[in-house]
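Not measured: the values here are computed from a predicted model. First listed ligand is number 1; within each ligand, the first listed atom is number 1.
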Amino acid sequence: MSSKDDPKLQARRSFLTRAAGVAAAAAGSVISPAHAHAPAVGEGVAHGRHPENDIESFWGSHQAGIATPQQRNVYFAAFDLTTSERADVIELMRSWTSAAARLTVGAPALPINPDPEAPPDDSGEAQGLAAHRLTITFGFGSGLFVKDGVDRFGLNQWRPEAFIDLPRFPGDQLVAQRTGGDLCVQACADDPQVAFHAVRQLARLGSKVAQIRWAQAGFLSIDKHQPSPRNLMGFKDGTMNVPTANAVQMSQHVWVGEEGGWMKDGSYLVARPIRIALEHWDRMKLAFQEQVVGRHKLSGAPLGKTREADPIDLDAVDGDGNPVIPENSHVRLAAPASNEGAQILRRGYSYDNGLSFIAERWPPWHQGMEFDAGLLFMCYQNDPRTGFVKIFEKLSRFDMMNQFVTPVGGGMFACPRGAAGGEYVGQHLLEHA
Ligand code: HEM
């Protein structure tokens with residue numbers, strides 16, 4: 001067999017070609033913001049895409065995809081590192097940074113390889129599509145620091161105190177195949193194929209050193225008549241959130257400060273697919289559904305109020321002296337006032353994975369196919385101990401919503417600051433001596 005026919009050698013050759021591109025990127029020119037925003041002729045517009053439209057800047061002190069107004073679709077993926085060499089992780093993050101900078105302006109992940117004998121470097125399903133506000137956000141899982149008791153990359157000394165392992169919460173039914181990961185990629189776009197395409201290219205680029213572990217696609221419907229998206233329970237979701245345009249509140253709750261060292265200007269992501277028992281929920285009376293959430297379903301207003309934006313009054317009582325917003329309602333238990341001021345930036349998406357077989361252990365002992373659907377809950381914060389963990393310790397014990405929702409996977413990821421001026425994402429951690 002000639003080397004031309006040997007798929008292993010071909011794969012290797014193509015990896016080396018890519019590695020050479022990556023090395024050039026590392027040298028500064030390819031991943032500098034100026035160049036990444038200007039793909040070569042033939043890679044953007046002439047490739048059939050419209051990079052001038054709907055572009056969210058990839059470069060900046062914060063990674064895009066955190067404070068960026070939510071796009072309609074997400075493709076979230078977690079990866080396991082299959083190497084124990086820090087140099088490989090550095091090369092991976094360099095190539096991913098370079099590719100992300102290109103993808104987010106509507107260009108293919110790599111410069112076009114004109115060799116018709118080689119597999120195309122970009123799979124091509126985003127050709128002809130606009131950038132659709134694609135953002136690509138990278139995060140590091142705890143496995144980058146210690147995995148199975150081993151500090152593979154010599155990085156554990158730099159693990160920030162805030163980057164704890166998530167405790168096991170009551171009600172968690174985490175499936176190993178949907179949990180954890182050494183790295184994560186959150187690709188958000190106003191088009192599902194653009195988001196999927198981005199992760200697919202990154203998975204392919206990194207395949208020598210990073211194996212995809214779990215992934216979840218999600219969607220969110222918004223239009224001018226419905227600016228607040230509704231989740232699959234039919235309620236408006238995202239009404240009370242950290243205002244992303246308010247720099248003071250973002251610093252207070254979302255962006256890591258000086259104390260974080262290499263994590264300064266980054267943020268911690270908690271991403272957990274939470275299954276919702278939709279058939280069960282749909283059997284509940286409207287009034288009960290509203291008591292569970294603590295808001296009116298149609299308007300999104302807090303119980304006892306009329307408009308979505310009306311403030312929640314946790315002290316309000318009805319004629320019998322009972323709280324208008326029930327003690328165990330979701331919004332009361334999640335509110336900052338119930339959690340010593342804790343706030344998180346929620347950025348969740350609904351998901352639909354088709355159907356799965358359910359056998360209930362309690363009356364009416366239903367057996368059969370049910371929707372495998374729910375919420376890919378995602379939130380960003382500058383300290384998970386005083387953010388997600390603080391709030392969810394209470395919710396996981398007392399929330400009336402728990403009878404309908406089950407966390408089935410996920411993890412926590414440290415999303416470092418954004419890249420600027422020829423840097424790659426994660427450089428401040430990975431190049432620590
Ligand atoms: C399937 C799971 C969940 C569903 C369906 C859900 C749904 C909702 C809805 C409908 C609201 C009211 C509208 C709003 O203010 O956005 C809300 C508020 C909220 N949720 Fe969730 N949620 C879920 C899981 C969680 C989890 C895991 C947390 C985190 C720890 C959380 C934290 C919050 C917070 C902080 C608020 C705002 C409370 C306030 O300040 O009024 N939620 N959620």
Side-chain angles (χ1 to χ4, degrees), residues 70 166-167 169-174 216 218 220 222 227-243 249 253-254 268-278 280-282 284 289-303 305 307-314 325-326 328-352 371-381 383-412:
Q70 264 186 281
L166 281 181
F169 296 98
D172 275 5
Q173 292 196 27
L174 309 188
Q216 182 63 63
L220 171 79
I222 7 172
S228 295
R230 289 186 186 271
N231 60 32
L232 296 183
M233 287 179 149
F235 279 75
K236 294 188 177 187
D237 199 339
T239 307
M240 293 296 292
N241 215 351
V242 179
Q249 291 197 47
H253 303 293
V254 179
Y268 293 95
L269 164 66
V270 174
R272 309 214 323 154
I274 302 180
R275 183 174 178 176
I276 305 177
L278 296 179
H280 186 189
W281 177 249
D282 290 345
M284 300 300 122
Q289 292 186 356
E290 294 185 330
Q291 297 271 305
V292 168
V293 175
R295 285 182 174 271
H296 292 291
K297 193 167 187 178
L298 192 60
S299 64
L303 292 185
K305 301 280 180 66
R307 285 183 310 260
E308 183 186 353
D310 287 342
I312 296 180
D313 181 358
L314 294 177
I325 312 246
N328 291 354
S329 64
H330 185 71
V331 298
R332 175 185 286 276
L333 294 171
S338 307
N339 295 289
E340 296 169 29
Q343 286 192 55
I344 51 182
L345 175 64
R346 289 177 294 134
R347 208 176 193 284
Y349 286 85
S350 294
Y351 75 81
D352 156 35
F371 291 115
D372 182 359
L375 179 75
L376 174 59
F377 177 85
M378 296 200 280
C379 71
Y380 287 91
Q381 61 245 275
D383 190 333
R385 298 167 297 183
T386 51
F388 175 81
V389 174
K390 172 96 189 151
I391 301 170
F392 200 59
E393 268 175 352
K394 185 167 277 169
L395 287 182
S396 62
R397 286 185 171 80
F398 305 117
D399 193 352
M400 273 199 278
M401 199 183 270
N402 291 341
Q403 51 193 308
F404 307 98
V405 300
T406 308
V408 290
M412 179 149 70

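Scanning G410, G374, A342, A334 for the heavy atom closest to atom 34 (C) of ligand 1 points to A334. Taking all heavy atoms of V242, V331, V270, L375 into account, the minimum distance to atom 3 (C) of ligand 1 is reached by L375. Across F377, F392, F169, F388, heavy-atom proximity to atom 28 (C) of ligand 1 is greatest for F377. When R295, M378, K390, H330 are checked for heavy-atom proximity to atom 17 (C) of ligand 1, H330 turns out nearest.
Near M233, with a cut-off below 4.0 Å to any heavy atom, the atoms of ligand 1 are 5 (C). Residue V405 has at least one heavy-atom neighbour below 4.0 Å for each of these atoms of ligand 1: 1 (C).
For ligand 1, one of its N or O atoms has an N or O atom of R346 under 3.5 Å away. The N/O atoms of T239, backbone and side chain alike, include one that comes under 3.5 Å of an N/O atom in ligand 1. In terms of polar-atom proximity, defined here as any N/O pair under 3.5 Å, G238 does make such a contact with ligand 1.
Taking a cutoff of 4.0 Å between a charged side-chain nitrogen and a carboxylate oxygen, D237 and R346 qualify as a salt bridge.
Contacts between I312 and ligand 1, counted as non-hydrogen atom pairs separated by less than 4.0 Å, involve the side chain only. Only side-chain heavy atoms of L395 come within less than 4.0 Å of ligand 1; its backbone N, CA, C and O stay farther off.
For atom 39 (C) of ligand 1, the closest non-hydrogen atom of the protein is M240 CB, 3.6 Å.
Checking T239 against E308 by side-chain atom types alone, a donor-acceptor pair falls below 3.5 Å.
Residue contact check for ligand 1: M401 places a non-hydrogen atom closer than 4.0 Å to it.
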